[in-house]
Number of protein chains: 2
Amino acid sequence: MKTSLRKQEIINKSEILFKEKGYSAVTMRDIATVMGMKAASLYNHIKSKQEILSDIILSLAEDFTSGMEVIVSSDKTTVEKLQDVISLHVQITTDHPSGMASLNADWMHLEEKLDYYLELRDAYEENFRQLISSGIKNKEIAVVNPEVVVFSILSTLRSLYLWIPKKDDFNLKELDADLSKVLLGGVII
Amino acid sequence: MKTSLRKQEIINKSEILFKEKGYSAVTMRDIATVMGMKAASLYNHIKSKQEILSDIILSLAEDFTSGMEVIVSSDKTTVEKLQDVISLHVQITTDHPSGMASLNADWMHLEEKLDYYLELRDAYEENFRQLISSGIKNKEIAVVNPEVVVFSILSTLRSLYLWIPKKDDFNLKELDADLSKVLLGGVII
DNA sequence: GAAACTAACTAACAATCGTTAGTTTTGAAG
DNA sequence: CTTCAAAACTAACGATTGTTAGTTAGTTTC
């Protein structure tokens with residue numbers, strides 16, 4: 001059951017529209033217009049508007065989940081793992097900036113797939129929290145309120161989609177290092 | 001032209017609905033239901049759905065603008081001013097957590113008032129940038145990429161609405177100090 | 001070259017949208 | 001008790017929504 005080329009084009013165009021106006025404000029006729037066809041023709045490739053949103057969000061959520069699993073099961077230090085998490089966000093957001101907008105803004109419209117998404121998100125956040133806690137226990141990370149640290153870092157990483165499209169390739173290479181410095185600079189011992 | 005009590009109730013209920021599903025997905029009939037009336041009756045108090053959104057977002061945006069003006073024109077140090085900006089965000093978000101969701105997620109649906117909102121937002125961000133730049137020049141703030149610092153702090157402060165409703169009053173008093181420590185801890189010299 | 005498949009089309013569906021018009025209820029002031 | 005305005009109601013409007021049905025043109029398979 002692999003995704004056809006035409007379906008992927010619909011998803012790619014939809015991502016951009018969803019980022020501009022949000023899922024609910026984008027109509028099937030809007031999507032059809034940028035695809036150069038009529039709204040009814042979209043249904044030769046997708047089965048519903050919902051499916052487009054689900055495909056966008058869940059594929060990204062699964063990328064984060066599998067990326068996180070690789071990182072936590074490595075034998076690096078906690079600080080190195082946190083740097084890897086930052087890189088993971090920069091990488092995925094660079095590859096799918098518009099899709100990240102839907103992930104952040106329109107996940108509540110997932111309906112049937114909502115529970116699955118929330119499972120993935122909760123597990124991801126729990127991994128992140130564990131990382132910070134271990135770092136404090138290891139004395140790699142300063143003793144500051146771990147909730148605030150998780151919230152602050154995650155808020156910044158989740159907002160990257162607003163910012164990365166404005167960066168060129170040159171700045172993008174430095175972004176990783178700068179983010180580590182700013183996000184972790186204050187908490188690393 | 002002051003806002004009537006009943007209109008303010010509509011705005012308050014709408015904020016909560018807008019936070020849950022986004023402006024576009026909330027119908028006038030949804031708002032009427034939580035108000036205990038029929039959709040048509042809403043128009044005795046408001047002139048359009050747009051007006052509800054504009055009132056929510058612009059009143060908050062103006063709070064930020066006037067708050068920022070007070071802060072930048074004070075004679076405190078740059079670091080103290082930044083702490084005041086953090087307090088400003090905590091304060092406004094605590095008072096209007098649902099409205100902050102609309103400000104962050106639905107500003108693009110403002111239409112006639114969009115340009116005015118963008119002016120306020122741009123001016124606010126420019127003030128923030130100036131604050132960081134002055135701090136670096138004064139040697140109060142470490143020489144790290146100022147763009148990344150602005151982006152990181154602002155991303156966190158703008159996401160507070162997701163977090164503050166979960167905090168009780170006790171934690172809320174500590175939040176200010178913890179945020180300053182985490183957000184500024186890495187950049188203050 | 002007949003059959004099957006792909007991907008577009010036109011036309012239309014029932015449902016829902018924001019909003020308006022006109023009417024009735026309510027409650028306070030004279 | 002009457003008056004009057006505020007605030008609710010019913011009914012409906014035209015526009016738009018996601019989606020389905022049936023058709024057609026072009027391409028591939030046998």
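All values reported here derive from a predicted model rather than from experimental measurement. Protein chains get the first letters and strands the later ones, always in sequence-line order, with residue 1 at the start of each.
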Test: ring pair (Phe, Tyr, Trp, His ring centres under 6.0 Å). Region: residues 127-154 of chain A. Which pairs qualify, not counting sequence neighbours? A/Phe151-B/Trp163
With sequence neighbours excluded, give me every ring pair (Phe, Tyr, Trp, His ring centres under 6.0 Å) pair touching residues 24-52 of chain B. none
How long is the line joining CE of A/Met35 and C1' of C/dC9, in whole Å? 15 Å
To the nearest Å, how far apart are A/Ile46 CD1 and C/dA7 C1'? 14 Å
Once salt bridge (Lys or Arg N to Asp or Glu O under 4.0 Å) is applied, do any residues pair with B/Glu80, and if so which ones, sequence neighbours excluded? none
Determine, for nucleotides 5-17 of chain D in 5'-to-3' order, which nucleotides have protein heavy atoms under 4.0 Å from the base (write B), from only the sugar-phosphate (write S), or from neither (write -). --BBBBBB----B
Please name all residues satisfying ring-ring contact (aromatic ring centres under 6.0 Å, His included) with A/Tyr23, sequence neighbours left out, ordered by chain then number. A/Phe18, A/His109
Donor-acceptor pairs are to be reported for all side-chain atoms of residues 62-69 of chain B against protein atoms at under 3.5 Å, with residues two or more places apart or in another chain.
| unit_1 | atom_1 | unit_2 | atom_2 | d |
| --- | --- | --- | --- | --- |
| B/Glu62 | OE2 | B/Tyr116 | OH | 2.7 |
| B/Thr65 | OG1 | B/Ala61 | O | 3.0 |
| B/Ser66 | OG | B/Glu62 | O | 3.1 |
| B/Ser66 | OG | B/Asp63 | O | 3.3 |

